[in-house]
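Quantities reported herein were computed from a predicted structural model and do not represent experimental measurements.
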Amino acid sequence: MNLIYMDHHATTPLDAEVLAAMMPALTSEYGNPSSNTHAYGHAARYMVDSARAQVAQLVGAPRPDDIIFTSGATEADNLALKGIAHAKDYMPARNIVTLAIEHKAVLDAARRLQKENVEIRFAAIDPYGVVDLDDLAAKIDKNTILISIQTANSEIGTIQPIREIGVIAKKHGVPFHTDAVQALGRYEIDVMRDHIDMLSISAHKMYGPKGIGALYVRRGLKLTPIIDGGGHERNMRSGTLNVPGIVGLGKAAEIAKRDLKSESERLLKLRNRLEDGILRRIEHVRINGHPTNRLPNNLNVAFAYVEGESLILACRGVALSSGSACTSTSLQSSYVLKAINVPDFLAHGSLRFGLGKSNSEEHVDIVLDLLEKGVRRLREMSPLYDMAKEGVSIESAHFSRHARGK
Ligand SMILES: *Cc1c(COP(=O)(O)O)cnc(C)c1O
């Protein structure tokens, strides 16, 4: 495969250093960390303990034991929401405050809890996807059992004011969970500074292996487990530990912390080169998401009068996503773009660029050439594009839609 990979929000390649660190756990060191009667078990326990400390350091957790290993961030998000809801099921009324643009792992876990009479409240967001802090505070009451707000969005890259949310949560005495999957290694986060009570982590979004993740849980917070069994992970997640995966997650966390500053600066330069190039070379485009409060590796662009899928085909040799990977099999436009009021005709022409370690300036320049040619060719065939020539700008179309209260 000689592709340029620009889909690092969906997953990332395994770092060679991470693979090397995992090898002993995949071969000779096959002990079960719960076996404490022999050296195989002790070696495995030591590897798990080291990885736990590495993950704790990445997020600023005060104790390694605050890290609960899971099968990934989907499970971590489920454990955060269901674990709290079930621990509080003695309450006659419960509600969770979250955002309409959360990852499906949060939204669908919340929807499941609605069947158990947990009310879901969506705090308002602005057209960039940033939470309205006043509305958030207004949605909290004595029955609020959790605030779950992502650190950064996987489609539009918008970063939330995490510390301010943490302060509000603390003031109201409500636990605060954040899905930090997309931010880790790209944007600094610290559970103590930002008053975060739970934080979801996935290894494969930061150059680690798939099928492993973690939930940071502040000491003293009670969660009811989803998976019962041998009482592993402080009774919050039973099951024999995935030692190779955990070692890989630990190494990936160490590297993410080590390279955070240099890599996020490098990604920002690449992203700006891509963004500036698109804006300079292609007409009738708009950026979805926040202009500056955005992950350094993310760019989400609406190309008016073009179908996103067709543009991806035109960019043969580049691995890209239109909208969200999870919904791209259906023809529905992305729920995230809908939630920030991007009109359908722009949402259908939107592409998500997810830059990462494998990308260079050369890649960006190749993609810019392909985009410029592809957009020109597709628009030549588009009857809608005639609208543009007649003077209907995408902005006026967009704002007349807003004016109609849509
Ligand atoms: C990928 C992703 C998840 C799911 O993580 P898995 O480890 O693949 O289960 C959750 N939240 C966000 C924001 C993601 O990007």
Side-chain angles (χ1 to χ4, degrees), residues 6-10 99-104 107 122 124-132 150-160 182-183 186-187 267-268 270-312 315 318 320-328 330-355 364 367-368 371 374-375 378-379 384 388 393-402 406:
M6 273 198 195
D7 202 14
H8 290 82
H9 298 297
L99 301 183
I101 58 170
E102 290 295 318
H103 191 271
K104 287 286 182 191
L107 289 177
F122 292 110
I125 50 176
D126 72 11
Y128 301 126
V130 179
V131 65
D132 176 335
Q150 59 192 192
T151 308
N153 188 271
S154 58
E155 287 190 49
I156 53 176
T158 297
I159 297 169
Q160 300 295 338
Q182 293 291 336
R186 300 173 184 103
Y187 178 78
L267 288 168
L268 187 63
L270 283 185
R271 198 273 307 288
N272 290 344
R273 186 181 183 92
L274 180 63
E275 180 173 356
D276 295 346
I278 290 173
L279 294 174
R280 199 176 60 241
R281 291 165 63 168
I282 306 176
E283 282 188 306
H284 306 298
V285 296
R286 67 183 279 153
I287 307 297
N288 299 317
H290 201 279
T292 52
N293 253 344
R294 204 167 71 227
L295 289 175
N297 68 326
N298 173 278
L299 187 64
N300 194 308
V301 186
F303 298 89
Y305 319 111
V306 163
E307 282 295 323
E309 311 292 326
S310 312
L311 188 53
I312 287 176
C315 295
V318 186
L320 278 176
S321 239
S322 68
S324 131
C326 314
T327 53
S328 64
S330 68
L331 267 173
Q332 289 237 319
S333 71
S334 136
Y335 70 93
V336 171
L337 297 182
K338 262 199 210 315
I340 58 166
N341 290 322
V342 176
D344 279 348
F345 90 102
L346 287 180
H348 286 307
S350 291
L351 293 192
R352 177 183 73 173
F353 301 88
L355 296 160
V364 168
V367 169
L368 283 170
L371 286 171
V375 168
L378 291 168
R379 282 183 181 163
L384 277 178
S393 77
I394 54 169
E395 280 76 16
S396 66
H398 188 69
F399 289 116
S400 66
R401 193 186 159 95
H402 273 289
K406 192 77 197 340

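Contact record, Ile312 with Leu320: CD1-O, 3.9 Å, taken as the closest heavy-atom pair. When all heavy atoms of Ala339 and Ile125 are compared, the closest pair comes out as O-CD1, 3.9 Å. Of all the heavy atoms in Leu311 and Gly374, the pair that sits closest is CD1-C, 4.0 Å. The two residues Leu346 and Ala302 have their closest heavy-atom pair at O-CB, 3.7 Å. Smallest separation of non-hydrogen atoms from Ala304 and Phe345: CB-CE1, 4.3 Å. Nearest heavy-atom pair, Leu351 versus Gly308, reported as atom, atom and distance to 0.1 Å: CD2-O, 3.6 Å.
Of the inter-residue distances, the one linking Ser334 atom OG with Ile156 atom CD1 reads 8.0 Å to the nearest 0.5 angstrom. From Met6, atom CE reaches atom CZ of Arg352 across 13.5 Å, with rounding to the nearest 0.5 Å. A distance of 4.5 Å separates CG in Leu295 from CD1 in Ile159, rounded to the nearest 0.5 Å. A distance of 15.5 Å separates NZ of Lys338 from CD1 of Ile101, quoted to the nearest 0.5 Å. Atom-to-atom distance recorded for Leu279:CG and Ile287:CD1 is 4.5 Å, nearest 0.5 angstrom.
A side-chain donor-acceptor contact under 3.5 Å links Tyr335 to the backbone of Glu102.
For the side-chain hydrogen bond (donor to acceptor under 3.5 Å, both in side chains) test, no residue two or more places apart in sequence or in another chain qualifies with Thr158. Taking His9 as the reference, nothing meets the ring pair (Phe, Tyr, Trp, His ring centres under 6.0 Å) condition, with sequence neighbours excluded. Considering only residues two or more places apart in sequence or on other chains, Arg271 meets the salt bridge (charged side-chain N to carboxylate O under 4.0 Å, His left out) condition with Glu275. Shown here are the side-chain hydrogen bond (donor to acceptor under 3.5 Å, both in side chains) partners of Asn297, two or more places apart in sequence or in another chain: there are none. Remark: Gln160 engages no residue in a side-chain hydrogen bond (donor to acceptor under 3.5 Å, both in side chains) (not counting sequence neighbours). Applying the side-chain hydrogen bond (donor to acceptor under 3.5 Å, both in side chains) criterion to Arg281, with sequence neighbours excluded, gives Asp369, Glu372.
Ring pair Phe303/Phe353 is perpendicular by interplanar angle, where above 60° counts as perpendicular and below 30° as parallel.
Side-chain contact of Gln182 with Ser154: a donor-acceptor pair under 3.5 Å is absent, judged by distance alone.
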